[in-house]
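One structure is given below, encoded as structure tokens.
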Amino acid sequence: MVTALPVDGQLEQVRIGRFDTEAGALIEDATIALQRWGQFRGDPHGDNNVLVVEHALTGDSNAAQWWSEAIGPGKALDTDRWCIICTNALGSCYGSTGPASPHPAGGLWGSRFPAVSIRDMVRAERAALEKLGITHVHAVLGGSMGGARSLEWTLLYPDSVNFACVIAVSARASAWQIGIQEAQISAITRDPNWQGGDYHGTGRAPDEGLSAARRIAHLTYRGELEIDERFGTDAQPGENPLGPYRRDDQRFAVQSYLDHQGHKLAKRFDAACYVSLTESLNRHDVGRGRGGLNKALASSQVPTMVVGIDTDILYPYHQQEHMSRNLGKLLGMSKLSSPTGHDAFLVDVRGMALILRRFIARISAS
């Protein structure tokens, strides 16, 4: 029996209790935040209308906001038909337990928060759904880090999910991805205000490090052609980056844009949580402990649609092609053609909506 689900769109924190991580650490009294849209219908332990939507790195459980063109009445993920549930990932700072959360022994977790993996996030999410009385869902879908979580669902809980849609991600982190993500982590941990990860409550946070990390990351989120078409070699209005000496306040337009993106994130996100989630992406490898990458993919018995973006720098399209060639049950392969790059699954609303409608049509007919 399903217990009382959250009020439509309202944030709820579900206590899942003691949580043991994949690597052997303990998180006491863990909590997972989640939100729900649409009415639940069906059997909580069998066929039902639950779609679990997974957010990307710095996203939250408010999927109806960050995927507003996809979720809602009459939209691709139609809330008149489906019950949409989105959880905030373990390690984040939007209601789930993470480095910025209170520690049971006092203070905040800070450096005491252990490293978590994508598998840990999925296990914690599954535990939260079980607390609501739901042990089976119709489909899981998401992009980027959300795609990694969706893929892990099919391997961790193949009997608990009917379908999956894995968007803009790889089956494991490549050396290049680990390298670019470690550069971001380093930008934060080398900030003098990092203080070993225990900066909370000191009045000094590593905001400059987080801003720098975001500038690095954002270049991998957008397409090279799009960035060049938007900014080229233009100077920021009122500034001159071609003067006789280089100055921080004399920038190219693209520098100003990246500065804005970095400072915007620093205002809304916690640096230690950014490190925690980025580290989880470094650890992403569905083949670990399963006989290697291709064997693990071949073992998947959950019909899965794979979606790639042709201009994605962070998770190049060939990685989704590899996944599609090796999955045990491929539901379909879709290419989103967009100049926007990796972020196209969030910003190219028309193209993404068409793909999601195709996915929904296939999982409805099966």
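All values derive from a computational prediction rather than experimental measurement.
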Pairwise side-chain contact, Q35 with C86, heavy-atom cut-off 4.5 Å (strictly under): no
Nearest non-hydrogen partners of P99 and S276, listed with the distance: CG-CB, 4.1 Å
R15 atom CZ, over 12 foreign heavy atoms within 6.0 Å: no
I309 reachable from V349 in the ILVMFWY side-chain graph, under 4.5 Å edges: no
W67 to F345 - nearest heavy-atom pair and separation: NE1-O, 3.0 Å
Considering all heavy atoms, the nearest K75-E69 contact: CD-O, 3.8 Å
Non-hydrogen side-chain atoms of I85 and F40 separated by less than 4.5 Å: no
Heavy atoms of other groups near K131 NZ, more than 12 under 6.0 Å: no
Parallel, tilted or perpendicular: ring planes of W109 versus H103, cut at 30 and 60 degrees: tilted
Within one Ile-Leu-Val-Met-Phe-Trp-Tyr cluster: L346 and L258, side-chain cutoff 4.5 Å: no
Atom of H284, atom of S170 and distance for their closest heavy-atom approach: NE2-O, 2.8 Å
In one Ile/Leu/Val/Met/Phe/Trp/Tyr side-chain cluster, 4.5 Å: L336, L77: yes
Spacing of R215 atom CZ and L265 atom CG [to the nearest 0.5 Å]: 11.5 Å
Aromatic plane relationship, W194 with Y199 - under 30° parallel, 30 to 60° tilted, over 60° perpendicular: tilted
Note, V52 side chain near L129 side chain (heavy atom, < 4.5 Å): yes
Side chain proximity check, T97 to I16, heavy atoms < 4.5 angstrom: no
Any side-chain heavy-atom pair of E321 and H318 under 4.5 Å: yes
Verdict with reasoning, D259 to S256, per side chain to side chain donor-acceptor pair (under 3.5 Å): CA-CA 5 Å; D259 285 346; S256 175; 5.9 Å; no
Sole candidate of R288, R283, R123 that passes salt bridge (charged side-chain N to carboxylate O under 4.0 Å, His left out) when paired with E22: R288
Test item: E130 side-chain N/O and A128 main-chain N/O as donor-acceptor pair under 3.5 Å: no
Neighbour count >12 (heavy atoms, 6.0 Å) for atom CZ, R190: no
Parallel, tilted or perpendicular: ring planes of W82 versus H138, cut at 30 and 60 degrees: parallel
Beyond-backbone contact of R290 with S299, side-chain heavy atoms, under 4.5 angstrom: no
Under 3.5 Å side-chain donor-acceptor pair for H55 and N62: no
Interatomic distance, L219 atom CG to I227 atom CD1 [nearest 0.5 angstrom]: 6.5 Å
Aromatic ring pairing H342/Y315, orientation class (parallel under 30°, perpendicular over 60°, tilted between): tilted
Test salt bridge (charged side-chain N to carboxylate O under 4.0 Å, His left out) applied to R222 and D312, D348, D228, D343, the passing residue: D343
Exercise: identify the closest heavy-atom pair between G74 and R357: O-NH2, 3.1 Å
D249, CG atom: more than 12 neighbouring heavy atoms under 6.0 Å: yes
Distance-only donor-acceptor check, side chains Q184 and T278, under 3.5 Å: no
Hydrophobic cluster identity match, L225 and Y221, side-chain contacts under 4.5 Å: no
Q181 backbone acceptor or donor facing N282 side chain under 3.5 Å: no
Electrostatic pair D29:R18 at N-O distance under 4.0 angstrom: no
Neighbour count >12 (heavy atoms, 6.0 Å) for atom CZ, R268: yes
NZ or CZ of R126 within 45° of Y157 ring axis and under 6.0 Å: yes
Nearest atoms (heavy-atom pairs only) where M121 meets S280: CE-OG, 3.1 Å
